[in-house]
Colleague: 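I am attaching a structure below and will ask some questions about it afterwards.
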2 protein chains.
Amino acid sequence: MTQKQIAVLAAEPCCASVLAAPLDEDEAVQLAQGFAALADPVRLRMLSMIAASDEVCSCDLLEPLGKAQPTVSHHTKALADAGLIVGEKRGRWVFWRAVPERIDALRRSLTP
Amino acid sequence: MTQKQIAVLAAEPCCASVLAAPLDEDEAVQLAQGFAALADPVRLRMLSMIAASDEVCSCDLLEPLGKAQPTVSHHTKALADAGLIVGEKRGRWVFWRAVPERIDALRRSLTP
DNA sequence: ACGAGTCATTGACATCCATCGATGTATCGG
DNA sequence: CCGATACATCGATGGATGTCAATGACTCGT
């Protein structure tokens with residue numbers, strides 16, 4: 001996990017809620033970055049595939065998504081920067097795993 | 001509620017889930033549009049203020065957000081197009097209310 | 001050491017988007 | 001009516017973003 005990702009997680013420890021109290025500026029920026037990562041159909045399908053399996057290799061995302069390799073790499077980076085997935089390089093491959101805690105933090109922010 | 005908003009709701013009746021099954025293209029596009037509406041700090045703070053009260057007038061959003069009137073109008077339209085808020089015009093004012101069902105649909109799409 | 005496979009980065013391009021001034025539309029009070 | 005208020009729309013502008021070809025970096029068989 002990159003320093004950037006750790007910073008994001010640390011800045012949003014647990015419980016910023018959109019629906020409960022008036023959100024302050026910083027909380028809004030943090031949450032908006034998280035939702036921005038979900039605001040693309042390609043990334044949503046990516047996250048969907050990764051979360052459905054334990055581990056998914058980047059090479060297994062190309063064909064189902066129908067996108068070029070740099071595009072897939074760009075989107076995995078976006079999801080990783082948002083802390084929603086983490087990648088582990090083993091040999092030639094990078095295996096991606098979902099980060100349920102981070103996904104759950106966004107989900108809880110929409111909880112009444 | 002506009003025809004466009006009704007169409008969105010109808011196209012996503014209840015249970016598209018990001019984490020359960022591999023998302024198909026159409027579901028991904030619908031969900032991405034919803035999350036895109038949340039992917040802006042100004043709109044998140046807007047939704048936060050509107051959800052915290054029963055009704056909020058557009059004029060009461062200008063000063064707390066520190067944005068010009070056309071900008072606020074632009075964002076309320078974005079949230080309304082996404083079905084997250086609905087507006088009712090009474091006299092000179094437009095009163096906005098949150099749409100919990102629509103917000104909840106997005107929240108549930110992130111539920112394991 | 002060489003070639004093939006996997007992924008990241010760069011650069012370029014088109015598109016989308018947030019923002020705001022100017023203007024238009026509607027409503028109310030006087 | 002007329003001026004003021006609330007909101008929407010238009011047009012312009014600067015910045016962010018999705019996409020991919022080309023290239024680079026790294027790993028593994030042979």
Colleague: Between B:Thr76 and B:Trp96, does any side-chain donor sit less than 3.5 Å from a side-chain acceptor?
Modeller: no
Colleague: Please state how far atom CG in A:Asp81 lies from atom C1' in C:dT9, giving the value in whole angstrom units.
Modeller: 14 Å
Colleague: Kindly state which residues belonging to residues 49-60 of chain B come within less than 4.0 angstrom of DNA chain D, counting heavy atoms of the residue only, listed by number.
Modeller: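 Heavy-atom contacts with DNA chain D come from B:Cys57, B:Ser58, B:Cys59.
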Colleague: Hey, quick one: are B:Val18 and A:Leu65 part of the same hydrophobic cluster, counting side-chain heavy atoms closer than 4.5 Å, chains of contacts allowed?
Modeller: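 Yes, same cluster.
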Colleague: Can you tell me how far OG of B:Ser58 sits from CE of B:Met46, rounded to the nearest 0.5 angstrom?
Modeller: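 Between atom CE of B:Met46 and atom OG of B:Ser58 there are 7.0 Å.
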Colleague: Rounded off to whole Å, could you give me the CZ-to-C1' distance for the A:Arg92 and C:dT6 pair?
Modeller: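 Roughly 7 Å, once rounded to whole Å.
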Colleague: Please check the phosphate of D:dC20 (OP1 and OP2 only) for any side-chain N or O of A:Thr71 closer than 4.0 Å.
Modeller: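 Result: yes.
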Colleague: Nearest whole Å is fine: how far is D:dA4 P from B:Trp93 CH2?
Modeller: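 Computing the B:Trp93:CH2 to D:dA4:P distance gives 17 Å.
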Colleague: Applying a 4.0 Å non-hydrogen cut-off, can you work out what B:His74 is touching in the nucleic acid: base, sugar-phosphate, or nothing?
Modeller: base
Colleague: Indicate yes or no: does A:Arg108 engage A:Glu101 in a salt bridge with an N to O separation below 4.0 Å.
Modeller: no
Colleague: Rounded off to whole Å, could you give me the CG-to-P distance for the A:Asp40 and C:dC16 pair?
Modeller: 13 Å
Colleague: Would you say the side-chain atoms of A:Ser48 pair up with the backbone N or O of B:Leu23, donor to acceptor, closer than 3.5 Å?
Modeller: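 Such a contact is found between A:Ser48 side chain and B:Leu23 backbone.
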Colleague: With nearest nucleotide decided by heavy atoms, which residue, A:His75 or B:Phe95, maps closer to the 5′ end of DNA chain D?
Modeller: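 Nearest nucleotide further toward 5': that of B:Phe95.
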Colleague: Return no unless some side-chain N or O of A:Lys67 is found under 4.0 Å from OP1 or OP2 of D:dT19.
Modeller: yes
Colleague: Does D:dG18 have its OP1 or OP2 closer than 4.0 Å to a side-chain nitrogen or oxygen of A:Arg43?
Modeller: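 Checking D:dG18 against A:Arg43, a side-chain N or O does come within under 4.0 Å of OP1 or OP2.
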Colleague: Whole angstroms only, please: what is the CG-P distance between B:Leu61 and D:dC7?
Modeller: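 About 9 Å, once rounded to whole Å.
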Colleague: To the nearest angstrom, how far is B:Glu88 atom CD from D:dA6 atom P?
Modeller: 18 Å
Colleague: To the nearest Å, give me how far apart CD (A:Gln69) and P (C:dC7) are.
Modeller: 7 Å
Colleague: Using atom CG of A:Leu65 as one end and atom C1' of D:dG18 as the other, report the distance to the nearest whole Å.
Modeller: 14 Å
Colleague: Within the 4.0 Å heavy-atom criterion, would you say B:Val42 contacts the bases, only the backbone, or no part of the nucleic acid?
Modeller: sugar-phosphate
Colleague: Should the heavy atoms of other residues, nucleotides or ligands under 6.0 Å from CD of A:Glu88 be counted, would the total exceed 12?
Modeller: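 It does: A:Glu88 CD has more than 12 such atoms within range.
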Colleague: Between A:Gln30 (side chain only) and A:Glu27 (backbone N and O only), is there a donor and an acceptor less than 3.5 Å apart?
Modeller: no
